[in-house]
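The structure appears right after this line, and notes come after that.
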2 protein chains.
Amino acid sequence: MVVDTPRRILDAAADEFAERGLAGARVDRIAERAGANKQRIYAYFDSKDRLFDRVVEDQIEQLLDAVPFDAVDLPGYAVRLWQFNLAHPSLVRLLLWHALERPGEQLTHAASSHARKVAALRAVRGDDDWPAERLLGQVLGLVHGITLAPGPDPEQTRADLHRAVSRLVG
Amino acid sequence: MVVDTPRRILDAAADEFAERGLAGARVDRIAERAGANKQRIYAYFDSKDRLFDRVVEDQIEQLLDAVPFDAVDLPGYAVRLWQFNLAHPSLVRLLLWHALERPGEQLTHAASSHARKVAALRAVRGDDDWPAERLLGQVLGLVHGITLAPGPDPEQTRADLHRAVSRLVG
DNA sequence: AGGCGACAACCAACTGGTTAGTTGGTGACC
DNA sequence: GGTCACCAACTAACCAGTTGGTTGTCGCCT
């Protein structure tokens with residue numbers, strides 16, 4: 001076995017949940033995709049619900065590792081985050097499903113990472129001119145919005161996003 | 001009967017679908033919420049799926065009617081759109097569900113309305129300086145992003161959004 | 001007026017397929 | 001002997017969609 005079973009289950013579940021959401025996903029399908037047995041799922045993860053939570057945590061961690069924050073170069077960070085979203089559409093879908101199906105629940109990893117971003121931004125720019133919290137919110141909002149409504153030409157979109165964030169930071 | 005049955009069903013279904021999505025919604029629950037009978041749902045709308053489509057169309061229309069586009073005052077339009085989203089969170093959820101559960105399907109009303117917006121914008125600003133299509137995409141992206149990640153102070157957010165769009169337009 | 005058919009609506013029970021989660025039994029490997 | 005894994009069948013519940021039977025209200029014709 002090249003990869004261990006829990007890992008294979010997590011990855012397969014990530015695909016299934018990203019495609020169909022929590023309510024639409026089927027445990028049997030996850031087992032099949034993982035090339036694993038259904039009982040293994042219930043042995044490692046207690047229930048469909050818990051599996052979903054674990055998958056979301058797992059994926060969020062992968063995103064945070066892949067796109068390090070850069071308080072000095074906000075336009076560059078925004079572009080890299082957008083590019084990551086573009087390269088991993090299923091991760092975006094998964095997080096949207098999570099936001100809809102688990103309303104009011106926020107992810108521990110994401111929250112602490114956000115706090116660290118705000119602190120880093122404040123250290124670089126200070127807070128008097130334009131509060132870091134709100135500036136970051138606008139930048140992330142722009143990235144998320146652009147991600148949801150992709151234009152036809154990625155290179156063009158990249159340049160547009162860079163320009164837009166530069167204007168916000170300006 | 002104050003309101004006719006199809007209307008009551010549409011409204012009840014809008015609530016149910018906004019909360020739970022297509023896969024998570026229950027037809028019996030919609031009937032109960034509507035104070036109507038289950039068979040009436042199947043008499044007026046053929047199936048759960050078709051009911052979902054009708055609900056989305058219906059709600060989209062309400063949004064387009066409520067927030068008229070203003071090519072001359074983009075920051076004002078952005079703020080009004082955001083305020084509508086803020087006042088109608090269930091509509092936002094419904095459209096997100098639709099985007100996730102009906103991937104690749106675009107709404108006729110929304111598409112034609114978008115085309116009209118682009119045309120209006122081009123008529124006011126011209127296209128040489130900064131293509132209307134892309135500018136509109138950025139403005140809408142910002143609004144959607146801010147909608148998804150709401151700040152603590154609405155009045156502050158309103159002012160921030162206005163400033164941000166002004167910068168984009170400038 | 002009275003009678004008739006068409007429709008809107010209700011209630012309740014049912015069907016048939018689906019699906020989360022379980023169980024029991026088997027083998028392989030350390 | 002314990003752990004990891006498989007297979008297959010099972011259960012218990014759930015749920016979209018159906019059916020049959022009932023009531024009330026119209027418009028219309030005679």
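Computed from a predicted structure; not experimentally measured. Lettering follows sequence order; numbering is per chain, from 1.
Contact annotation: B/Y42 side-chain N/O to C/dA9 OP1/OP2 distance is not under 4.0 Å. The phosphate of C/dA8 has neither OP1 nor OP2 within less than 4.0 Å of any side-chain N or O from B/T5. Listed pair A/S47 / C/dA20 fails the phosphate criterion, with no side-chain N or O lying under 4.0 Å from OP1 or OP2.
Every residue two or more places apart in sequence or in another chain was checked for a side-chain hydrogen bond (donor to acceptor under 3.5 Å, both in side chains) with A/D15, and none qualifies. Residues that satisfy the side-chain hydrogen bond (donor to acceptor under 3.5 Å, both in side chains) test with A/D53, not counting sequence neighbours, are A/R102.
If you check the side chains of A/R134 and B/Q156, you find a donor sitting under 3.5 Å from an acceptor.
The nucleotide whose nearest atom lies closest to any side-chain atom of B/A36 is, among D/dC6, C/dC10, C/dG21, C/dC10. Between C/dA9, D/dC6, D/dA5, one nucleotide has an atom nearer to the side chain of A/Y44 than all others, and that is D/dA5.
We find that CG of A/D46 is positioned 12 Å from C1' of C/dG21, with the value rounded to whole Å. What separates CD of A/E32 from P of D/dC6 is a distance of 13 Å, to the nearest Å. The CZ-C1' distance, from B/R8 to C/dA9, rounds to 10 Å in whole Å. We find that CD1 of A/I41 is positioned 12 Å from P of D/dA5, with the value rounded to whole Å. Atom CG of B/L51 and atom P of D/dA16 are 11 Å apart (whole Å). Between the C1' atom of C/dA9 and the CD1 atom of B/I9 lies a distance of 11 Å, rounded to the nearest Å. Distance B/F17 CZ to D/dA16 C1': 12 Å, rounded to the nearest Å. Look at CZ on B/R20: it is 12 Å from P on D/dA16, rounded to the nearest Å.
Ion pairing between a basic and an acidic side chain is recognised when a charged N comes within 4.0 Å of a carboxylate O; A/R54 and A/D58 show no such pairing. Residues A/R33 and A/E16 are paired through a salt bridge, judged by an N-O separation under 4.0 Å between the basic side chain and the carboxylate.
Judged by the 6.0 Å and 45° rule, A/R40 forms a cation-pi pair with A/Y44.
If you check every strand for non-hydrogen atoms under 4.0 Å, A/A43 touches nothing.
Shown for residues 21-29 of chain A: residues whose heavy atoms fall under 4.0 angstrom of DNA chain C, namely A/A25, A/R26, A/V27, A/D28.
Pairing each heavy atom of A/W97 with each of A/E19, the nearest pair is CZ2-O, 3.9 Å.
Map B/K38 and B/G35 each onto its nearest nucleotide of DNA chain C; the residue landing nearer the 5' end is B/G35.
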